Amino acid sequence: MRRRLLAAGARPGFAGLMLDRRYDRDGSLLAKDEVLRLRVFRKPDGSEAVHLGWKGPTEITSEGYKARRELEYELRGDAPAEVFLQALGFRESYRIDRYVEYYQLGDAAVRLEWYPRMDVLMEIEGDAAAIEPALRASGLPRSEFHADALPAFASRYAARTGRRPLLALEPGSQEPPSWETR
């Protein structure tokens with residue numbers, strides 16, 4: 001997939017661990033199909049960038065694309081953002097950890113994702129005019145691409161393999177995940 005993307009003119013971007021922590025207050029955001037996310041981008045050298053983001057309710061367009069309003073801000077400083085969110089009454093509700101590689105292909109953002117135990121995923125973001133050429137560049141059949149949320153992919157993995165997907169490292173784990181086969 002890397003070779004296909006690069007041959008199509010994709011420019012590599014961030015590569016490293018992407019650690020997502022979702023926060024909620026008694027399920028109030030989940031009930032509205034909203035997401036409050038703290039995302040850490042950890043480079044192989046150990047340096048990090050931290051982003052706080054909000055995602056609005058999901059809509060599926062008439063063309064079958066997933067669309068939702070998103071706001072994201074890079075945080076700076078030494079104060080842990082988790083403490084700020086907890087002071088506002090938010091608690092961690094969900095974890096997603098993965099190794100990612102970002103590529104820019106025209107106006108599309110393409111991300112390859114390796115989870116601790118699940119299928120490798122490719123996410124393509126942009127408008128329809130940007131997404132379709134990126135889909136073609138992947139060489140995969142159009143029918144293999146879905147607007148499904150991550151739990152649907154995880155369910156298909158479990159049904160196909162009989163194994164429970166592992167989307168995040170165990171809290172406090174210092175062990176390297178099984179995504180080293182990338």
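These figures come from a predicted structure and were not determined experimentally. We use all heavy atoms of the structure for the numbers below, so side chains are in, but hydrogens, waters and symmetry mates are not.
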Novice: State whether the side chain of Asp33 and the backbone N or O of Thr58 hold a donor-acceptor pair below 3.5 Å, judged by distance alone.
Specialist: yes
Novice: Could you give me the CA-CA distance, side-chain angles and deciding distance for Lys55 and Arg37, then say whether side-chain contact (heavy atoms from CB on, under 4.5 Å) is met?
Specialist: CA-CA 8 Å; Lys55 296 169 80 167; Arg37 172 181 68 203; 3.6 Å; yes
Novice: I need the minimum non-hydrogen distance between Ala147 and Lys66, along with the two atoms involved.
Specialist: O-CD, 3.5 Å
Novice: If we only count heavy atoms from C-beta on, is the Leu167 to Tyr94 side-chain gap below 4.5 Å?
Specialist: yes
Novice: Considering residues at least two apart in sequence or located in another chain, which fulfil the side-chain hydrogen bond (donor to acceptor under 3.5 Å, both in side chains) criterion with Asp148?
Specialist: Arg156
Novice: Should we count CZ of Arg76 as having more than 12 external heavy atoms under 6.0 Å?
Specialist: no
Novice: Would you find a donor on one side and an acceptor on the other, under 3.5 Å apart, between the side chain of Arg25 and the backbone of Arg91?
Specialist: no
Novice: Under a 4.0 Å N-O cut-off, is there an ion pair linking Arg68 with Glu70?
Specialist: no
Novice: Go through the structure and list residues passing salt bridge (charged side-chain N to carboxylate O under 4.0 Å, His left out) with Arg69, not counting sequence neighbours.
Specialist: none
Novice: Between Met1 and Val120, is a side-chain contact (heavy atoms from CB on, under 4.5 Å) present by the stated rule, with each step listed?
Specialist: CA-CA 11 Å; Met1 186 57 62; Val120 176; over 6 Å; no
Novice: List the atom of Tyr73, the atom of Leu71, and the distance in Å for their closest heavy-atom pair.
Specialist: CE1-CB, 4.1 Å
Novice: With a 4.5 Å cut-off on side-chain heavy atoms, are Arg98 and Trp114 touching?
Specialist: no
Novice: Counting C-beta onward and ignoring hydrogens, is there a side-chain heavy-atom pair between Arg21 and Asp97 closer than 4.5 Å?
Specialist: yes
Novice: Show the nearest heavy-atom pair for residues Leu75 and Leu38, with the distance to one decimal.
Specialist: CD1-CD1, 4.0 Å
Novice: Counting N and O atoms only, with roles assigned by atom type, does the side chain of Arg4 sit under 3.5 Å from a partner on the main chain of Leu140, one being a donor and the other an acceptor?
Specialist: no
Novice: Using a strict 4.0 Å threshold on nitrogen-to-oxygen distance, state whether Glu101 and Arg2 make a salt bridge.
Specialist: yes
Novice: Minimum heavy-atom separation for Leu36 to Leu85, with atom names?
Specialist: CD2-CD2, 3.9 Å
Novice: Taking side chain as C-beta onward, heavy atoms only, is Glu132 less than 4.5 Å from Glu63?
Specialist: no
Novice: Can you tell me if Ser47 uses its side chain to pair, donor with acceptor, with the backbone of Lys43 under 3.5 Å?
Specialist: no
Novice: Quick check on side chain to side chain contact (heavy atoms under 4.5 Å, CB included): which of Arg42, Arg95, Arg39 does Leu19 satisfy it with?
Specialist: Arg42
Novice: For Phe84, does the CZ atom have more than 12 heavy-atom neighbours from other residues, nucleotides or ligands under 6.0 Å away?
Specialist: no
Novice: Which heavy-atom pair separates Ala128 from Pro133 by the least distance, and what is that distance?
Specialist: O-CD, 4.5 Å
Novice: Does any pair with a residue in residues 128-147 pass ring pair (Phe, Tyr, Trp, His ring centres under 6.0 Å), and if so which ones, sequence neighbours excluded?
Specialist: none
Novice: Do Glu113 and Tyr115 have a side chain donor and acceptor closer than 3.5 Å?
Specialist: yes
Novice: For the residue pair Leu121 and Leu150, establish whether any side-chain heavy-atom pair is separated by less than 4.5 Å.
Specialist: yes
Novice: Specify the closest pair of heavy atoms between Met18 and Tyr102, including all atoms of both residues, with the distance to one decimal.
Specialist: SD-OH, 3.5 Å
